[in-house]
Asks: 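Quick one: structure below, then a few questions.
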Amino acid sequence: MSVRERKTENAEMAEKKEKFYITTPIYYTNGLPHIGHTYTTIVADVLRRYKRMRGYDAVMTTGTDEHGVNVERAAQKAGIPESEFVARMADAWRALWDELGLTADEFVRTTDLSHVRTVQWLFRLCKENGYVYKGHYTGLYCVYDNAYVSEPLPGNLCPDCDRPLETVTEENYFFKLSAFQKPLLDFYRKFPNFIQPDTRRNEIISFVEGGLKDLSITRTTVRWGIPVPGEEPHVFYVWFDALSAYMSAVGGPEYERRGMWPADVHLVGKDIIRFHTVYWPAFLMAAMLPLPKQVWAHGWFLMDAAKMSKSKGNVVLPRPIVNMLGMDALRYFLLRDVVFGQDGNFSYDALATRYNSDLANGLGNLASRTAAMLEKDFGGKLPKPADRLPQDEALAKESQSAIGEVLERFDKFEFSRALETIWSVIAAADKYLTEEKPWALGNSPEEESRKGTILWTAAELLRVVSALAHPVLPDSTAKIWKLLGQPGSLDALELDGLRWGQLAPGTALGKFQALFPRVEKTEAVERIEAMANEEQNPTEPAAPKPTASASATGTGAAPAPAAGTNEKIGIEDFAKVEMRVGQVKTAERIVGADKLLKLTVDIGSEVRQICAGIAQYYEPESLIGRKVVVVVNLAPRKLRGVESNGMIVAASVGPDGRPVLAGFHEEVEVGARLK
Ligand code: ME8
């Protein structure tokens, strides 16, 4: 290598960031993500954002675990081939993560060819090194958890999911797990941080000290799995298959080229810690591959003290919450309300309470009142701070020391405590403004100058807080960043360079965008629940593709026959639809439903509440007093959790299906029937 080449390589090395590889579990495809899965994936995303802001090349992977008896059964029930079933499910998982802004850098499907190669390669290495042998196994097996059970509940029920176990005998390949008792215990001792939190480490140590039995890692009773090369009908045991996904995501057999392996942290729920801290490191030791640096097992979200799970049907879905309160609110609540590592009860009530207190009244209110005063008193430009009083210094000191504290807490995965620190600074700023009363100061040069100092201090605090909270609240903090006229993206800010006092006076403020509108708690909870109900029990067919035909707005009505269809209906069918002239009395937007307007419409005999999907095309004020056509004999239903009693008729125009309200060119009486 020439000196020049070496110099270039050194410069590249110096520039090359340290890697940080984060994984979520590879989720089963027998349902769609609920709050539990969303929680793990949010934490992975928060860590990725945080590590990037600390200068790391952070990568996050997730994916879908697509093999096993459960999938065979589900596909059979759906009447489609397994490959089609899992492809649909994987698409749905990926789409939901994208919708929630949780797109991973790599999404592994265990049916991917590159993954199949990795599993077969790992098996070959374990076998070549003498840790795999053939034998017979008979045991009680839980097909739902894909695991043999050694200590069943009375009546041969699974201790994890309470479902009946099946007795299975089969020829298997066995993995010599028993050979790894000592190596594993030595490893746990040498790397005490490998299993986190500490309570879980102690559990695993005593489990391994109790002795390890060899593990069957292939199946002949299952068809839908990765084949063991040359050994058909053997397929790999789903956990041997699924755990390998962490390596296939970053290159599999060519992992060295990608440079991401070993994982820096596997984030998992406590239900699957044994697979990750006993089996997985043992497989890797047997294959003589590098071991992950850490497995962090968080607790469970409970509903009425029971673990939320797809099989029990007691799940909370993320989408209705996000529609109502926004993704940042969900991220904040999940990380703030439960200590990472412990179990937590999920409650909509607690969610709405925290939303109002910490986000609407806390961060949101601080940003809006500061922005409003800066706009009014300083023409939207940041003033120059003058002489500082002790109370200004105290706030500066508190914010500066919060920076170090928050970083330390993030480093230890103490997310709730990190947020607690940030919110105590926000509370201090609120108190400061209330005591200093900048709004009460006059226009004398001294008072102007004092007002400038106070508002600069509040703005600087907002800047620091936004940077610190960005990994958890990426959207709202980015809005505050723009509001403060800060250049570039907050994602790219280096937290290590963050200091109090960097906010430049004279900077022009950006446009204020509403952050967290206050919600009425009972109504918010009712609407989230109604939306969840709609999602879990869909009653209406999907909205038809727009055509240039008459349609009823925003109601997801049954598809109308396309214009020009030959299908005819009798007059008696038409007579079933009762349409009347209505007059709009009030119209307002609906929080969490950007396409819908909530109207009250006088139909002659009564005033009805009706939701219409016209918010993107009609300003609410422009509708007041307008005469419209209303279908009045439709059964009431809820849209985005809001009761709608009737439908407004509109033409659906152009490729976007723009609604144009049906109306009259002559005076018509309210309540008149259309025939
Ligand atoms: O176990 N509270 O997939 P899975 C908190 N395919 N987290 C929860 C939760 C709850 N109530 N419910 C689920 C599998 N989770 C295997 C993994 S990895 C190689 C193979 C989260 O779809 C939590 O992270 O059952 C848990 O470990 C994971 O979802 C289980 O997802």
Side-chain angles (χ1 to χ4, degrees), residues 22-45 47 60-71 74 86 89-90 92-93 96-97 102 104 106-111 115 118-119 122 142-147 158 160-161 200 225-226 236-249 263 265-281 283-284 292 295-318 334-335 337-346:
I22 309 155
T23 67
T24 76
I26 307 296
Y27 302 111
Y28 288 133
T29 45
N30 60 335
L32 285 170
H34 59 65
I35 284 293
H37 310 106
T38 312
Y39 180 54
T40 320
T41 313
I42 286 177
V43 172
D45 180 65
L47 260 184
M60 157 195 167
T61 69
T62 190
T64 38
D65 189 351
E66 303 184 1
H67 290 122
V69 181
N70 282 336
V71 172
V86 293
M89 293 306 286
W93 276 79
L96 187 71
W97 292 144
L102 296 170
E106 300 292 340
F107 187 98
V108 188
R109 294 184 53 194
T110 56
T111 49
H115 173 72
T118 304
V119 175
L122 188 68
C142 176
V143 292
Y144 295 94
D145 297 332
N146 290 303
C158 172
D160 284 334
C161 69
R200 300 273 163 251
I226 297 181
F236 287 102
Y237 165 50
V238 281
W239 277 99
F240 191 85
D241 168 348
L243 288 161
S244 316
Y246 298 138
M247 282 202 86
S248 34
V265 61
H266 291 313
L267 293 170
V268 296
K270 66 180 184 183
D271 45 337
I272 54 176
I273 185 148
R274 211 179 272 182
F275 298 102
H276 284 79
T277 56
V278 182
Y279 297 1
W280 181 226
F283 297 156
L284 292 167
V295 177
W296 233 108
H298 62 69
W300 284 339
F301 271 104
L302 310 170
M303 257 319 228
D304 305 322
K307 186 194 170 211
M308 210 180 279
S309 79
K310 284 171 276 203
S311 53
K312 292 201 185 99
N314 60 346
V315 295
V316 171
L317 300 176
L334 294 181
L335 267 74
D337 220 53
V338 176
V339 172
F340 192 64
Q342 293 178 11
D343 289 349
N345 241 317
F346 187 91

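Every number for a ligand or one of its atoms is a count from 1 in the order of the listing.
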Asks: Under a 3.5 Å cutoff, is there a donor and acceptor pairing between the side chains of T110 and H115?
Replies: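 No.
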Asks: With a 4.0 Å cut-off on heavy atoms, does W280 reach ligand 1?
Replies: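 Flag not set, W280 not near ligand 1.
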Asks: Does ligand 1 have an atom under 4.0 Å from some heavy atom of G299?
Replies: yes
Asks: Ignoring hydrogens and geometry beyond distance, is a side-chain donor-acceptor pair present between T41 and Y27 at under 3.5 Å?
Replies: yes
Asks: Charged N to carboxylate O below 4.0 Å: is that the case for D65 and R109?
Replies: no
Asks: Check whether any N or O atom of F301, backbone or side chain, sits under 3.5 Å from an N or O atom of ligand 1, and answer yes or no.
Replies: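 For ligand 1, there is an N or O atom that lies under 3.5 Å from one belonging to F301.
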Asks: Does H34 offer a backbone N or O that forms a donor-acceptor pair with the side chain of H37 under 3.5 Å?
Replies: yes
Asks: Below the 3.5 angstrom mark, is there an N/O of T40, backbone or side chain, next to an N/O of ligand 1?
Replies: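 Between T40 and ligand 1, an N or O pair is found under 3.5 Å apart.
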Asks: What are the two closest heavy atoms between P33 and W97, and how far apart are they?
Replies: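 Scanning both residues, the minimum pair turns out to be CB-CH2, 3.7 Å.
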Asks: H298 near ligand 1, heavy-atom distance under 4.0 Å?
Replies: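 H298 counts as a contact of ligand 1 under the 4.0 Å cut-off.
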Asks: Give yes if a backbone or side-chain nitrogen or oxygen of Y246 is under 3.5 Å from a nitrogen or oxygen of ligand 1, and no if not.
Replies: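 No.
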Asks: Below 3.5 angstrom, do we get any N/O pair linking V268 and ligand 1?
Replies: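 By distance alone, the answer is no.
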Asks: If you count the atoms of ligand 1 from 1 in the order shown, which ones are under 4.0 Å from a heavy atom of H34?
Replies: 9 (C), 12 (N), 13 (C)
Asks: Heavy atoms only, cut-off 4.0 Å: how does W239 contact ligand 1, side chain, backbone, both, or neither?
Replies: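 The answer is the side chain.
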Asks: Any N or O of D65 that comes nearer than 3.5 Å to an N or O of ligand 1?
Replies: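 Between D65 and ligand 1 (N or O atoms, distance only) the closest approach is under 3.5 Å.
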Asks: Among W239, Y246, Y237, which residue satisfies the ring pair (Phe, Tyr, Trp, His ring centres under 6.0 Å) criterion with F275?
Replies: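 Testing each of W239, Y246, Y237 against F275, the sole residue satisfying ring pair (Phe, Tyr, Trp, His ring centres under 6.0 Å) is W239.
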Asks: Quick check: closest heavy atoms across F240 and V119, and the distance to 0.1 Å?
Replies: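 Here F240 and V119 meet closest at CE2-O, 3.7 Å.
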Asks: Just by distance, do the side chain of D45 and the backbone of L102 share a donor-acceptor pair under 3.5 Å?
Replies: no
Asks: Considering only heavy atoms, does T24 approach ligand 1 within less than 4.0 Å through its side chain, its backbone, both, or neither?
Replies: neither
Asks: Any nitrogen or oxygen of A242, side chain or backbone, less than 3.5 Å from one on ligand 1?
Replies: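 Looking only at distances, the answer is no, because the N/O contact criterion of under 3.5 Å is not met.
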